[in-house]
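Residue numbers run from 1 in the order of the sequence given.
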Amino acid sequence: MDNTLPATDLSPGEQLKEIFAGLYHKTLQDCNIFDFEIALEATAKTAKNNGLVSSVKQFKDLYHKYKREQTKVYTSAQNLYDFGGIVLDTGTWQINDDGAIRRNVNGEEQIACPHQICICERVIDINTDLEKVKLKFYLDDDWHYLVVDKSTISTVKKIVALSDNGIMVTDGNAKYLIAYLQDVGRLNRKALPVKYYTEKAGWLSDKLFLPYAKQIQISNDSILRHVHAAGDFDVWRDLAAKARQTSVVNKIVLAASFASVLVEPLNLLNFFVHLWGASGAGKTVALMLASSVWGNPALSKYTLSFYSTAVGMERTASALKNLPLVLDEFQYVKCGKNNFDAGVYLLGNGVAKSRGTRTGSLDRVDCWRNTIITSGETPIAENHSATGVYNRVLEIEPQDKLFDDGNAAVSTLICNYGFAGKKWIDYLMSGKIDEIKADFVNLRANLSKSDINMTGKQIDSISLLIETDKAVIDCFGFTDEPLCADDFLSFLPTKQDVDVTERAYQFCLQFVAANKVKFCGDSEVGEVWGRINDGYVYILGNVFDKALQDAGFSPRAALKMMIDKGLARGDKQGKSKVPQRVNGTLTRCACIRMTQQGANPPF
């Protein structure tokens with residue numbers, strides 16, 4: 001390094017400024033830090049010998065002060081670089097084909113990344129206001145893009161994970177890459193384009209529905225990446241028209257898919273449409289037809305298996321929000337002995353479980369309002385199922401094949417899909433929602449006043465499907481007849497079937513009939529479970545409780561409800577079980593009426 005002094009016609013102060021400028025310039029060049037320290041020491045001694053400073057220490061102190069001032073000036077000036085179409089201020093960082101590099105105040109080289117990289121967009125979640133950034137980086141002669149959480153580029157532990165995406169970051173350069181990206185983000189915050197995104201589909205307003213709002217991006221990290229169009233709409237429409245003519249079940253499944261986006265605007269509860277029965281009827285193909293309205297209907301794409309954890313199901317339902325959740329092989333959701341109820345309530349309630357965070361606060365609770373279209377080999381609702389399960393599920397057992405050629409239908413659907421959803425949303429946004437709602441209210445009122453043997457929630461679901469199907473015919477020009485209430489009568493349980501009290505009572509009668517010999521009251525041989533007396537059967541308390549628990553009922557709740565309806569009786573003190581002598585011992589028993597009023601004895 002040159003340590004000679006400038007021309008002597010300059011004042012001492014001007015001479016020092018020239019020397020300091022030369023030294024500072026060297027720190028910005030390719031200079032080894034050890035060589036620089038040697039040169040600095042030599043220059044300081046020369047300045048002292050020439051009377052410019054009183055000591056080497058004074059020279060170094062004055063130089064470091066000068067360097068700090070120059071660093072402030074340098075960092076306040078723009079250092080612009082064109083990253084493939086976006087020009088950004090990189091501050092103290094020099095960008096070239098070797099990446100992003102700078103030297104610190106001591107002249108040490110700091111390499112942020114050995115290839116070009118920058119922040120090209122700010123990305124804000126419209127649901128949570130959390131901010132992400134879109135990275136742009138140059139590798140293999142091309143630009144690549146990656147959206148990451150801001151926290152990812154803020155800590156060494158997280159940023160090194162970007163190496164999995166090809167970005168050349170290690171423990172060695174991670175802290176410099178963090179500093180570089182933070183500088184770029186800070187210096188260009190106002191200049192960076194801001195894009196809004198969401199991880200949820202569905203209604204944002206009566207004129208904005210995702211994923212069809214172009215101004216808002218959809219996350220590609222969930223099932224929503226399969227919500228798009230491909231192939232030919234007319235080919236899809238022809239197949240859908242033929243499927244509707246082949247089976248009324250296909251009409252119902254299609255109506256359930258289109259109706260999903262009306263559940264929230266009409267303020268209705270989530271409900272299931274479940275196809276069940278032996279293999280070969282075309283249940284899975286029907287589900288794929290429902291999925292093809294919105295996206296890729298292939299299995300594991302939009303059409304999912306229920307083989308998932310509860311958290312996984314919640315997140316998928318939350319991402320879809322208003323779009324239908326389509327699940328094949330629902331039997332995977334069994335919880336305990338023949339119990340589908342947990343799965344029904346999990347998805348039917350439309351609210352995820354509350355969970356805590358590491359900081360001790362509550363995590364965001366996800367919600368969804370939609371239809372759930374499922375298939376399986378068995379029904380969802382069993383004899384022991386709660387009334388809420390029956391009310392939430394429309395179960396259909398197809399009696400005939402749903403498609404003339406199921407394989408051909410699948411081949412067509414996986415190549416032609418996703419157009420109908422966008423057309424349907426455009427149709428609804430043209431003012432049709434209010435018309436459908438008015439027709440729905442009228443139909444629901446008429447069905448409620450009729451002698452149709454259905455519960456109120458079942459009437460809600462059926463009314464929505466019927467009015468949706470009418471609108472679908474209008475939207476897509478189908479020529480077959482729309483759905484009507486009679487199309488559902490053979491599929492739906494009656495009010496009595498839905499009533500859990502009636503089902504528990506019938507179970508008790510059947511249990512006693514199957515074990516009548518054990519209700520003799522007294523016996524020296526064999527077990528005695530109770531006695532029959534004066535039109536009532538007295539069942540030992542522990543026997544009653546175990547029998548109903550094994551059948552999936554709550555013994556205490558079932559007995560209380562039967563007492564309230566006059567199907568059983570308690571004692572004078574209000575207890576549900578009454579004292580009765582059985583096999584010589586006075587004990588508490590469930591006292592069940594053997595016949596309903598006006599009915600013939602069951603045995």
Side-chain angles (χ1 to χ4, degrees), residues 331 334-342 344 378-391 395 397 453 455 493-603:
Q331 58 266 21
K334 282 189 177 183
C335 304
K337 185 178 180 181
N338 299 325
N339 183 15
F340 295 104
D341 293 14
V344 173
T378 60
I380 293 177
E382 305 286 354
N383 285 335
H384 58 265
S385 294
T387 301
V389 173
Y390 275 88
N391 280 329
E395 293 185 317
E397 181 185 13
N453 196 9
T455 67
T494 64
K495 292 179 181 178
Q496 291 72 30
D497 295 329
V498 171
D499 187 348
V500 67
T501 308
E502 179 65 27
R503 285 183 278 119
Y505 175 68
Q506 291 298 326
F507 170 80
C508 290
L509 296 183
Q510 294 166 13
F511 175 77
V512 173
N515 299 277
K516 187 177 180 181
V517 68
K518 296 181 179 181
F519 290 91
C520 57
D522 298 281
S523 176
E524 297 292 336
V525 181
E527 290 183 298
V528 177
W529 289 355
R531 69 167 60 249
I532 298 172
N533 187 26
D534 295 332
Y536 287 88
V537 57
Y538 296 84
I539 308 173
L540 290 174
N542 63 330
V543 173
F544 175 84
D545 291 347
K546 184 177 186 305
L548 266 71
Q549 284 175 346
D550 290 346
F553 295 100
S554 167
R556 183 177 178 183
L559 183 56
K560 177 65 168 59
M561 289 186 290
M562 284 189 282
I563 292 172
D564 291 343
K565 289 195 171 185
L567 302 175
R569 70 182 185 188
D571 68 4
K572 295 180 180 179
Q573 287 74 39
K575 294 183 178 180
S576 296
K577 292 175 181 174
V578 301
Q580 180 65 219
R581 193 170 295 278
V582 177
N583 219 15
T585 301
L586 187 65
T587 185
R588 288 272 174 180
C589 298
C591 179
I592 310 298
R593 184 190 295 274
M594 289 178 56
T595 59
Q596 298 186 48
Q597 293 182 353
N600 294 322
F603 41 78

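Closest of all the heavy-atom pairs between Q549 and P555 is CG-CG, 3.4 Å. Scanning all heavy atoms of the two residues, the minimum distance from N583 to S523 falls at OD1-N, 3.0 Å. For I592 against C508, the heavy-atom pair with the smallest separation is CG2-CB, 4.4 Å. When all heavy atoms of V537 and M594 are compared, the closest pair comes out as N-CG, 3.7 Å. When all heavy atoms of G570 and I563 are compared, the pair lying nearest together is N-CD1, 3.9 Å.
We find the OH-SG distance between Y536 and C589 to be 14.5 Å, quoted to the nearest 0.5 Å. Residue S576 holds its OG atom at 7.0 Å from NZ of K560, rounded to the nearest 0.5 Å. Taking CD of Q580 as the start and CG of L586 as the end, the distance is 8.0 Å to the nearest 0.5 Å. R556 contributes atom CZ, which lies 12.5 Å from atom CZ of F544 (distance to the nearest 0.5 angstrom). Here the CG atom belonging to L509 is positioned 8.5 Å from the CG atom belonging to L567, to the nearest 0.5 angstrom. Between atom CD of residue E502 and atom CE of residue M561 there is a gap of 11.5 Å, rounded to the nearest 0.5 Å.
Residues passing the ring-ring contact (aromatic ring centres under 6.0 Å, His included) test with F511 are W529, sequence neighbours excluded. For D571, the side chain to side chain donor-acceptor pair (under 3.5 Å) partners two or more places apart in sequence, or in a different chain, are R588. Qualifying side chain to side chain donor-acceptor pair (under 3.5 Å) partners for D522, counting only residues two or more places apart in sequence or in other chains: R531.
For the side-chain contact (heavy atoms from CB on, under 4.5 Å) with K577, the lone residue among I539, D545, L540 that qualifies is D545.
Side chain of Y505 to backbone of R593: a donor-acceptor contact under 3.5 angstrom is found.
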